[in-house]
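Reading through the structure tokens given below for one structure.
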2 protein chains.
Amino acid sequence: MRSAEFNREAVLRAAMNAFMEKGFNKTSMQDLKQATGLHPGSIYCAFENKKGLLLAALEQYNLDRNTELQAIFSNEKDAKSGLSAYLGNIVAECVSGDPTQSCLSQKAINEIAQTDEQAQAVLSQQCVMWQSVMREVFVQAGEEGDLSGARLPEQRAQSLIVGIYGLRTFSQAQKDPDVISAIAEQLLIDVCR
Amino acid sequence: MRSAEFNREAVLRAAMNAFMEKGFNKTSMQDLKQATGLHPGSIYCAFENKKGLLLAALEQYNLDRNTELQAIFSNEKDAKSGLSAYLGNIVAECVSGDPTQSCLSQKAINEIAQTDEQAQAVLSQQCVMWQSVMREVFVQAGEEGDLSGARLPEQRAQSLIVGIYGLRTFSQAQKDPDVISAIAEQLLIDVCR
DNA sequence: ATAGCTCTTGAATGATCATTCAAATAAGGC
DNA sequence: GCCTTATTTGAATGATCATTCAAGAGCTAT
């Protein structure tokens, strides 16, 4: 036996960044070798192939984003404030122009979900989990009296996620921070109405 | 002199479909040769290179989508009905699962706007034009008394476009037609409130 | 009809791609 | 401390990539 020398999380985060900067198809194994510090053979030994590395990176990305989400919400006094802080965070990422602050899941959905069944399955499941996390946030917001209308928490969660996907796409075509920020504020109003 | 033998619009629509099915980077010149019926040399003679073909295809795509949009709205009795029909059309495209019914502009924004300045400029301008078209729709809807709140037509247009981008991304991860349809209906309510 | 130009053809080019492999290296079980 | 087994290394592989180019073909103007 022999254990791997590299730090798996660090390698996956490096791969994440590489994929976010160039997209999956434009990121070459040479790029990944440089980003991760791993030789081609090691990458194939540990992750099967390039797509395997992407799938592993997506898994790590989801874990990282989830802990980040928990941190943001636990710093706020209630669910509504949490939502506001969460959206504020996303707006900041959109406006930063930094490719490594974009959403790897969303990039993968747009680039490869359509043509790769395995990636489609992983991304679909991750999206469903994201929905269920956000649904609980809206359940709590309802209990705290911050939702006026009668929409189901599930539907609010779906509208929020659609809004976030849309915001990220829109912000690549229209970079004005004030515009992005205003759309996000309206989104918060609409999903809490 | 000698005029080109191929039908430019037909070639661009064939290229559009190829790019929508595989994305820009995964579509090889061989794919484009097969899709368009043009030999590599002819493509380079007419469009400079692969990216030039994409930019030309994006231009044609925008023209085609615009005439389609005009047709949808002119078939309806007022702006609000037009919006409803327009969104219904988009929902049908999302649910179809047909790659050639996806949005080439959105795919390009997500795949190459980040890394290619020229594409970014074209896509940004097209997005702004889309906004201004939709703004006029909301101006009309306001005059017809179908908007209750006080939001500016510009902001409504931006929220609508964000919602459409989001819907298209979301629908690749969550394919349930009822869910997509419900989100779209809520979107219409929110932007007309 | 012919000259002159442009488009078409499709093989050739060199670069780059993902992947493989055999040798070298190192860790754990006994 | 050796033996087994796994990982690391990095050059090699063959495929595929975008692009070029020289030769052939056809339109147009004269």
Side-chain angles (χ1 to χ4, degrees), chain A residues 1-58 60 104 107-108 111-112 115-119, chain B residues 1-58 60 104 107-108 111-113 115-119 122:
Chain A
M1 284 291 197
R2 181 186 173 189
S3 50
E5 287 179 4
F6 62 86
N7 177 335
R8 187 182 163 94
E9 291 189 12
V11 161
L12 290 179
R13 294 202 182 99
M16 272 170 35
N17 288 343
F19 285 135
M20 284 195 279
E21 283 184 38
K22 291 196 176 189
F24 177 71
N25 286 308
K26 255 290 172 122
T27 304
S28 66
M29 286 304 295
Q30 198 170 320
D31 292 333
L32 291 168
K33 175 191 163 178
Q34 183 152 23
T36 63
L38 257 51
H39 292 254
S42 294
I43 294 179
Y44 279 80
C45 181
F47 304 105
E48 181 99 4
N49 54 26
K50 189 182 160 189
K51 201 185 85 181
L53 179 56
L54 174 72
L55 294 176
L58 275 170
Q60 185 65 49
L104 182 61
K107 287 214 79 167
E111 192 180 354
I112 57 167
T115 50
D116 186 283
E117 219 169 296
Q118 199 177 355
Chain B
M1 282 290 198
R2 180 185 172 189
S3 52
E5 287 179 5
F6 64 86
N7 177 334
R8 186 182 163 94
E9 291 189 13
V11 162
L12 291 179
R13 294 201 183 100
M16 270 170 35
N17 288 342
F19 286 136
M20 284 195 279
E21 284 184 36
K22 291 196 177 189
F24 177 71
N25 286 308
K26 255 288 174 126
T27 304
S28 66
M29 285 305 295
Q30 197 170 321
D31 292 331
L32 291 168
K33 175 191 164 179
Q34 184 154 21
T36 63
L38 257 50
H39 292 254
S42 294
I43 294 179
Y44 280 80
C45 181
F47 304 105
E48 181 98 6
N49 53 28
K50 187 181 160 188
K51 201 183 85 181
L53 178 55
L54 174 72
L55 295 177
L58 276 170
Q60 185 64 48
L104 182 61
K107 287 213 79 165
E111 192 178 354
I112 57 167
T115 50
D116 186 284
E117 219 169 296
Q118 199 178 353
V122 169

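Letters A, B, ... are given to chains in the order of the sequence lines, protein chains preceding strands, and every chain is numbered from 1. The basis for the numbers below is simple: all heavy atoms, side chains too, and nothing from hydrogens, waters or symmetry mates.
- Contact of the A:Leu54 side chain with the A:Ile112 side chain is registered, since non-hydrogen atoms from C-beta on lie closer than 4.5 Å.
- A:Lys50 forms a cation-pi arrangement with A:Phe24, by the criterion of a distance under 6.0 Å to the ring centre and an angle within 45° of the ring axis.
- If you measure from atom NZ of A:Lys33 to atom P of D:dT7, you get 20 Å, rounded to the nearest angstrom.
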Per-nucleotide protein contact string for nucleotides 16-25 of chain C (B base, S sugar-phosphate only, - none; heavy atom under 4.0 Å): -SSBBB---B
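- Here C:dC7 presents its C1' atom at 9 Å from CZ of B:Phe6, a figure rounded to the nearest Å.
- Residue B:His39 places no side-chain N or O under 4.0 Å from the OP1 or OP2 atom of C:dT8.
- Atoms CD1 (A:Ile43) and C1' (D:dT8) sit 12 Å apart, rounded to a whole Å.
- A:Glu111 places no side-chain N or O within donor-acceptor distance of the main-chain N or O of B:Gly23, the cut-off being under 3.5 Å.
- Pairs of residues two or more places apart, or lying in two chains, that qualify as side-chain hydrogen bond (donor to acceptor under 3.5 Å, both in side chains) and include a residue from residues 12-23 of chain A are A:Glu9-A:Arg13, A:Arg13-A:Asp64, A:Lys22-A:Asp31.
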Can you give each donor-acceptor pair under 3.5 Å made by side-chain atoms of residues 33-44 of chain A, sequence neighbours left out, with the distance rounded to 0.1 Å?
unit_1	atom_1	unit_2	atom_2	d
A:Thr36	OG1	A:Leu32	O	2.6
A:Thr36	OG1	A:Leu38	N	3.1

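- Residues A:Phe19 and A:Leu53 meet the side-chain proximity criterion, which asks for heavy atoms closer than 4.5 Å.
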